[in-house]
Amino acid sequence: MSTTGSQRPTQVSAARRRTVIDALRRGAVPDSGLDLLATGLDRFEAALDAELDAVASGGSVFKAVRGEYGSGKTFFTRWLGERAKRRNFAVAEIQISENETPLHRLETVYRRLTERLTTSSFPPSALRPVVDAWFYALEEDVLAAGATEDELPDEVEKLLAARLAEVSRHAPSFATALRGYRAALAAGDEATAAAVLAWLGGQPHVAVSARRAAGVRGDLDHFGALGFLQGLLTVLRDSGHTGLFVVLDEVETLQRVRSDARDKALNALRQLIDEVHSGRFPGLYLVITGTPAFYDGQQGVQRLAPLAQRLATDLTTDPRFDNPRAVQIRLPGFDQESLIGLGLTIRDLYADAAQAPERVRKVVDDVYVADLARAVGGTLGGKVGVAPRLFLKKLVGDVLDRVDQFDDFDPRKHYRLTVDGSELTDVERNLAATALAGSASADDIDLEL
């Protein structure tokens, strides 16, 4: 992800700046305000915005993002999610993992989706506000059509059945649960309403009494999850949202699971892609992220030929000429120049709200930022591509904070870069060990794939 040519907004609110700086200080990707850092992504903007607009108009899109560790995949998807939110999409980011969220169990993926569902107005989980807004919209539509207050319950029921007619063909229990939720609210039974909504969100082990009251049985299964996703899209659309943006992050973890589970997961991914392209999920923008090894290796996508065909993209040309409209797009990652450019952007963003902005810019000048970037890259065996997280953490927490708080602190005199193993990710730790051993060859890096 190049950062050359910053286009950071000149006016930044204190809250947005604080959110970004605090996250970088922790070594994390900010949850919001990513447009402040997303310089160099302009080559993707036109194509991705067109796809978001198509989804908002009732289409559906599947996108695969590839990049090495540290290339900015999480940053990229959150940046795109922010653009989706500005178009009034609901957003959910799901981390795929063998134990917590196995991809071959779509009922678990759906449950994580509802748990992490967020909108521009509500943090996770936004499922209840969305459902409540949907019922409110149904009532408004019924009243606008001329129904009286006495006729309202029956007319809402008719409209509910009409709106969910297509969903009910595949998952009739979705509409049944919504009716049960509304009935429990009308009766003032908050406990039952909450339990039924949890069941609607795919939660297991919901009390039998609540399920009986709503008229539903059992727990959500793999096949029912697709029908429930279809129902959720309908509810989102009718409650005023233009679509749903979903990220399945770190799909490359499939390479480390048992072969039978891996095969099931790859087939589930193939099924999801086919359902998206068939038009079953209008209003869905689905993104997966993975490493090149996942897309190209025999333990990943290439293991299932139909999936490999669906994701096949010509990436043999110069990355400058990659097609951002393609099903698979790659993030080129950082080089030394772009890492320094990002550091300067963060330095200026920090200085704008510092106690002594001119001192911050003077002491942490362009030359020092460049020196620190090279030093951090050196501790990781010269692998600049995985250095941004650690570099920004050191720049903000170890340097900028001290310069801002202590008038006599000079990082050239009083600070020596140290990297403790406990603050490194597994990939960073492997690279640091390689550097200490005097070898930075990619062949020497032991990644547990």
Side-chain angles (χ1 to χ4, degrees), residues 55-60 84-85 87-92 110 113-114 117-122 125-203 206 210-217 220 224-245 279-284:
V55 172
S57 299
S60 54
K85 274 187 180 179
R87 287 168 168 78
N88 204 26
F89 278 63
V91 173
Y110 172 80
L113 189 161
T114 61
L117 188 69
T118 181
T119 68
S120 57
S121 302
F122 295 98
S125 166
L127 180 61
R128 182 160 190 168
V130 166
V131 170
D132 289 344
W134 184 65
F135 276 116
Y136 178 79
L138 292 184
E139 292 175 355
E140 290 295 298
D141 289 347
V142 166
L143 293 173
T148 64
E149 290 292 337
D150 292 337
E151 298 171 334
L152 187 62
D154 291 339
E155 293 302 316
V156 167
E157 170 61 28
K158 292 178 183 178
L159 187 55
L160 181 153
R163 296 278 174 87
L164 296 177
E166 180 63 25
V167 175
S168 295
R169 289 178 50 217
H170 304 282
S173 56
F174 187 86
T176 302
L178 283 171
R179 293 187 183 97
Y181 171 72
R182 186 165 182 264
L185 286 181
D189 188 348
E190 172 60 30
T192 297
V196 172
L197 193 66
W199 187 88
L200 191 72
Q203 297 294 334
V206 173
R211 284 182 282 157
R212 186 183 299 116
V216 296
R217 295 184 298 176
L220 183 64
L226 294 179
F228 274 41
L229 174 58
Q230 194 176 2
L232 179 60
L233 288 166
T234 300
V235 169
L236 284 166
R237 182 193 64 216
D238 291 348
S239 60
H241 294 281
T242 51
L244 173 62
F245 179 85
R280 180 179 177 183
F281 301 123
L284 176 64

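All values below were derived from every heavy atom in this structure, side-chain atoms included, with hydrogens, water molecules and symmetry-related copies excluded.
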Check: Ser239 side chain, Leu236 main-chain N or O, donor-acceptor pair, under 3.5 Å: yes

Closest non-hydrogen atoms of Pro129 and Ala126, given as atom of the first, atom of the second and distance, are CD-O, 3.2 Å

Contacts of Asn88 that satisfy side-chain contact (heavy atoms from CB on, under 4.5 Å) - sequence neighbours left out: Ser120, His241, Thr242

Can you find a pair of side-chain heavy atoms, one from Leu127 and one from Leu232, that are under 4.5 Å apart? yes

Backbone N or O of Val206 within a donor-acceptor pair of the Arg211 side chain at under 3.5 Å? yes

Using the side chain to side chain donor-acceptor pair (under 3.5 Å) rule, collect all pairs that involve residues 228-237, keeping only residues at least two apart or in two chains. Gln230-Arg280

Which heavy-atom pair separates Phe281 from Leu233 by the least distance, and what is that distance? CB-CD1, 3.5 Å

Is there a side-chain contact between Thr148 and Leu152 (heavy atoms, below 4.5 Å)? no

Sequence neighbours excluded, the answer for side-chain hydrogen bond (donor to acceptor under 3.5 Å, both in side chains) partners of Ser173 is none

Quick check: closest heavy atoms across Glu151 and Gly146, and the distance to 0.1 Å? OE1-O, 4.4 Å

Does anything in residues 155-177 form a ring-ring contact (aromatic ring centres under 6.0 Å, His included)? List the pairs, not counting sequence neighbours. Phe174-Phe228

Verdict with supporting geometry, Leu197 and Gln203, side-chain contact (heavy atoms from CB on, under 4.5 Å): CA-CA 9 Å; Leu197 193 66; Gln203 297 294 334; over 6 Å; no

What pairs with Arg169 under salt bridge (Lys or Arg N to Asp or Glu O under 4.0 Å), at least two apart in sequence or on another chain? Glu166

Any Phe245 side-chain heavy atom under 4.5 Å of Leu284 side chain: no

Going by atom type alone, with no hydrogens or angles, which donor-acceptor pairs under 3.5 Å involve a side-chain atom of residues 130-145 and a protein atom two or more places apart or on another chain?
residue, atom, partner, partner atom, Å
Asp132, OD1, Tyr181, OH, 2.6
Trp134, NE1, Asp238, OD2, 3.4
Asp141, OD2, Arg163, NH2, 3.0

For a 4.5 angstrom cut-off between non-hydrogen side-chain atoms, does Val55 reach Leu244? no

Under the side-chain contact (heavy atoms from CB on, under 4.5 Å) test, which residues partner Ala194, sequence neighbours left out? Arg128, Glu190

Would a distance-only check, ignoring hydrogens and angles, find a side-chain to backbone donor-acceptor pair under 3.5 Å from Ser125 to Thr114? yes

Contacts of type side-chain contact (heavy atoms from CB on, under 4.5 Å), residue Ala177, not counting sequence neighbours: Val196, Trp199, Leu200, Val216

Could you tell me which non-hydrogen atom of Leu185 sits nearest to which non-hydrogen atom of Ala193, and how far apart they are? CD2-CB, 3.7 Å

With sequence neighbours left out, write down each residue that passes salt bridge (Lys or Arg N to Asp or Glu O under 4.0 Å) with Arg212, or none if nothing qualifies. none

Please lay out, stage by stage, how Arg179 and Leu160 fare under the test side-chain contact (heavy atoms from CB on, under 4.5 Å). CA-CA 9 Å; Arg179 293 187 183 97; Leu160 181 153; 3.7 Å; yes

Least distance between heavy atoms, Gly224 atom then Ala171 atom: O-CB, 4.5 Å

So, for Ala175 and Leu164, which heavy atoms are closest and what is the spacing to 0.1 Å? CB-CD1, 3.7 Å

